[in-house]
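All heavy atoms count here, side chains included; hydrogens, waters and symmetry mates do not. Every chain is numbered from 1, with letters handed out A, B, ... down the list of sequences.
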Protein chains: 2
Amino acid sequence: MGLTKSEIFTEEQNNIAALAKVLGHPARIAILQHIIKSNSCICGDLVQEIGLAQPTISQHLKELKNSGIIKGNIEGTSVCYCIDQENWSHISATFASFFEFSSSESNCC
Amino acid sequence: MGLTKSEIFTEEQNNIAALAKVLGHPARIAILQHIIKSNSCICGDLVQEIGLAQPTISQHLKELKNSGIIKGNIEGTSVCYCIDQENWSHISATFASFFEFSSSESNCC
DNA sequence: TTTATTCATTGCAATATTACGATTAATATT
DNA sequence: AATATTAATCGTAATATTGCAATGAATAAA
């Protein structure tokens, strides 16, 4: 029904999935890569860089902000976004620990 | 329009996003965690473990398989799934390199 | 004050996803 | 052969997501 039954999963499972979901769109990856590259923060040149309309970029930024991956500062008429360092390393660790599994022999049956 | 404009993004961006998207559902995280834990491969006890109907689990398994994260072996009437080790480490490295960014000073403007 | 500029929000259309009942295909068992 | 078991597929309903035009709110510049 298009409705995720999140109540039957653990908090950790919902958490990892929610984070992955936010990263699950190329526009949001592109936005993050651009923010990382320019280090100095960005506003609406993302619209120029990426080829999407302003409301669309704004929407993606909102999702990234809600998830805690980025944060924004108001600067006069424009808004400046950057990586939320603290959350970033936390999220990075979450994924690293999820992937931490390399027992050589997981022979399939 | 519910339609991702993947043609305007780089292959890398589409790639990371596609992988993250697959991980972007708690059921698929739960399936992966269960496969990892049981190491030995699984089939339909995922239906028991997780509280979703068989067609739903089957659908999630299909997505995981299509993305290359897991692979399945036919075993008589049942199918046995396990982590695709080679792809797993590749995907793990992809995420690790994406998150590899810690320049302490990304002061927001 | 008027006019730009910048960005968020609203509302909508198109498409995608999630979940499942019903069915199907395939191998095992009796 | 008849029946059971396992898992994929089909079809469908409900909900979510993506993208944008239009609009709004807020500050800056004239």
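- At a threshold of 4.0 angstrom between heavy atoms, the contacts of A:Lys65 with the nucleic acid are absent.
- Taking the six-membered ring where the residue is Trp, B:Phe9 and A:His25 present perpendicular rings, their angle passing 60° and hence far from 30°.
- A residue-by-residue look at A:Thr4 and A:Gln59 shows that A:Gln59 has its nearest nucleotide of DNA chain C further toward the 5' end.
- Aromatic ring pairs are classed by plane angle as parallel below 30°, tilted from 30° to 60° and perpendicular above 60°; the pair B:Phe95 and A:Phe95 is parallel.
- A 6.0 Å sphere centred on CD of A:Glu86 holds no more than 12 heavy atoms belonging to other residues, nucleotides or ligands.
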Exercise for review: Go through the steps for A:Tyr81 and A:Ile69 under the test side chain to side chain contact (heavy atoms under 4.5 Å, CB included), then give the verdict.
Suggested key: CA-CA 10 Å; A:Tyr81 290 97; A:Ile69 302 180; over 6 Å; no

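- One interatomic measurement links the two molecules: CD of B:Glu63 to P of C:dA16, which rounds to 13 Å at whole-angstrom precision.
- Between A:Thr10 atom OG1 and B:Gln33 atom CD the span is 6.0 Å, to the nearest 0.5 Å.
- A:Leu61 comes within contact range of no nucleotide atom at all, as no heavy-atom separation falls under 4.0 Å.
- A:Ile57 comes within 4.0 angstrom of no nucleic acid atom, judged by non-hydrogen atoms across all strands.
- Pairing partner, C:dA8: D:dT23, with both Watson-Crick or wobble hydrogen-bond distances short of 3.5 Å.
- Counting any heavy atom pair closer than 4.0 Å across all strands shown, B:Thr56 reaches a base atom.
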Revision key, fill the gap. In 5'-to-3' order, the base (B), backbone-only (S) or no-contact (-) status of each nucleotide in nucleotides 22-30 of chain D, using a 4.0 angstrom heavy-atom cut-off, is B----SS--

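- Using a 4.0 Å heavy-atom cutoff across all strands shown, A:Ser78 reaches sugar-phosphate atoms only and no base atom.
- At the heavy-atom level, B:Ser58 lies under 4.0 Å from base atoms of the strands shown.
- Between D:dT17 and A:His60, no contact under 4.0 Å exists linking OP1 or OP2 to a side-chain N or O.
- In this model, the phosphate group of C:dA16 is not approached by any side-chain N or O of B:Lys21 to a distance below 4.0 Å at OP1 or OP2.
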